[in-house]
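Heads up, the thing below is written out as C-alpha cells.
Small disclaimer: the values here were computed from a predicted structure and weren't measured. When a ligand or atom number is given, it counts from 1 through the structure's own listing order. Numbering starts at 1 and runs along the sequence shown.
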Amino acid sequence: MTDVLLRGGRPWGVNGPADVLVRDGVIEVVAPSVEAPGARVVDVAGQLVLPGLVDAHCHLDKTLYGGPWVPHSADDTLAGRIGNDLARRGELGVPSVPRMVSLLRAMSSYGTTSVRSHTDIDPQTGLRGVEAVREAAAQVPVDVTQVAFPQHGLLTNPGTAELLEEALKSGVEAVGGLDPAGIDRDPVRHLDLIFGLADRYGAHVDIHLHDGGSLGAWEVELITERTRVLGLAGRVTISHAYALGQVDAAQAGKLAEGLAGAGVAVCTAAVYSFPVPPVKTLRAAGVTVACGHDGIRDLWGPFGSGDMLERAMHLAYRSTFRRDDDIELALEAATYGGARALGLRGYGLAPGDRADLVVVGASTPAEAVVVRPGRTLVMKDGIVLHN
Ligand SMILES: [Zn+2]
C-alpha cells in the first residue's frame with residue numbers, strides 16, 4: 001500500500017496547518033513539514049481535514065435511491081406510512097441490493113466511512129433485509145453495521161422476537177426497539193426482551209423512541225436504568241428521543257445527567273418538524289450525541305442525499321445554532337459522536353488512528369457545515385477513493 005502525505009491541510013482540532021502522513025492504512029504522523037520519501041503527496045493546502053463522516057442512523061434496506069423517482073404516496077400519519085411501506089415494498093422491489101449500492105457509493109463520495117443501518121425484521125421479510133444489506137455493503141468501501149429492527153412491532157407482531165435473536169446469532173451487531181409504550185403498549189416487557197437479547201449476544205441496543213412528552217421521558221428513564229443495571233455503558237443508543245426536545249429545560253437537564261451517568265447515547269436525524277433533542281444540554285452533561293439521516297428516499301419520505309454535512313447543517317439549523325462553536329457541535333455529532341455511539345475503534349485524527357479521512361474545501365468546521373462544499377478527497381483505510 002502506497003504511503004500518502006496530505007500536505008498543508010487543517011486537521012480538525014490541530015492548531016495551524018499540518019501534514020498528515022498515512023502508512024499501511026493508519027495515520028502515522030500529524031505535524032508541520034513532514035518528510036516522507038516515496039509517499040504520494042496530495043496538496044490540500046488550507047483545506048479542512050476531518051475524520052470520516054459517520055451516519056449513525058439510516059435505513060439502507062428501505063431505500064429507493066438510484067432508481068426512478070417514486071412520488072410519495074403515504075398519508076401523514078405513522079399508521080399511514082407503515083401501511084404504505086407494507087403495501088408497496090413488493091411492487092418496488094424493496095429491499096434492493098443495487099439501490100443500496102448506489103446509496104452507499106453516494107455516501108462514500110461525500111466522505112462517509114461508517115454507517116449504522118436499522119434493518120426491518122418481521123415474519124414477512126424474515127432476514128432477507130439483513131442479507132441484502134450485507135451483500136450491498138460488501139461492494140462499497142464503507143463500514144456498515146446493522147441493527148435488527150422490529151419496524152412493525154415486537155410484542156404486537158408474533159414471531160418477530162425469535163427473528164431478532166436469529167439475526168443476532170448470524171452476527172448482526174445491534175438489537176433495535178420501537179416505541180415500547182406507543183407501539184408495543186408494554187414498555188417493561190419490550191425493554192426486558194431487547195436488553196435480554198443484547199446481554200446474551202454481546203450486542204449493542206439502539207431504540208427508536210418517538211413517544212413524546214412525559215411518556216417518552218419515562219421511557220428514557222427506563223432505558224437509562226436498564227443500561228446502568230446491566231453495565232451496558234457505551235453500548236446503548238436512543239434514536240430520535242423526541243421527548244428530550246419536548247420536556248422543559250429542568251427535566252431535560254435531569255434526564256441528560258442520567259443518560260451521561262449510565263453511558264447512553266442519543267442519536268438524532270433532525271428531520272422535518274419533529275422535535276430535536278437539546279444538543280447543548282446533552283453535550284454539557286457529557287452525553288454522546290450522534291446524527292444520522294434516518295430514511296433516504298424511501299416509502300417513508302422522499303428526502304435525503306446521503307451527505308452527512310447536509311445532515312449536520314439541518315441539526316445545527318433546527319437547533320438554532322449560529323455561533324461557530326455551536327455549529328461545530330453538529331459536526332461533532334456527524335463524526336466523533338457517531339463513532340462513540342457505534343463503538344468504533346481507532347477513530348479520529350491522531351497518530352495510530354485508522355486512516356478514514358475526508359478533506360473539505362472549507363477553512364473551519366462551521367464553514368464546512370454551513371457551505372457544504374465538495375469533498376476534495378475521501379480516504380478509507382489509507383486508500384484514496386475520491387480525489
Ligand atoms: Zn429510523
Quiz item: What do you reckon, are the aromatic ring centroids of H293 and H59 less than 6.0 Å apart?
Solution: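 No, the ring centres sit 6.0 Å or more apart.
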Practice problem: Go through the steps to decide whether H208 and F149 satisfy the test ring-ring contact (aromatic ring centres under 6.0 Å, His included), and finish with yes or no. | Solution: CA-CA 9 Å; H208 277 69; F149 176 46; 4.1 Å; yes
Practice problem: Could you pull out the N/O/S protein atoms under 2.8 Å of the Zn ion (ligand 1), ignoring any water? | Solution: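 Per the 2.8 Å query on the Zn ion (ligand 1), atoms found are H57 NE2, H59 NE2, H208 NE2, D294 OD1.
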Quiz prompt | Contact check, side chains of R340 and V54, non-hydrogen atoms, under 4.5 Å | solution = no
Quiz item: Side chains of D75 and T77: donor-acceptor distance under 3.5 Å anywhere?
Solution: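 A donor-acceptor contact under 3.5 Å links the two side chains.
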Practice problem: Check step by step if salt bridge (Lys or Arg N to Asp or Glu O under 4.0 Å) holds for E91 and R88. | Solution: CA-CA 5 Å; E91 162 210 340; R88 299 200 63 198; 2.9 Å; yes
Quiz item: Just by distance, do the side chain of N84 and the backbone of L299 share a donor-acceptor pair under 3.5 Å?
Solution: yes
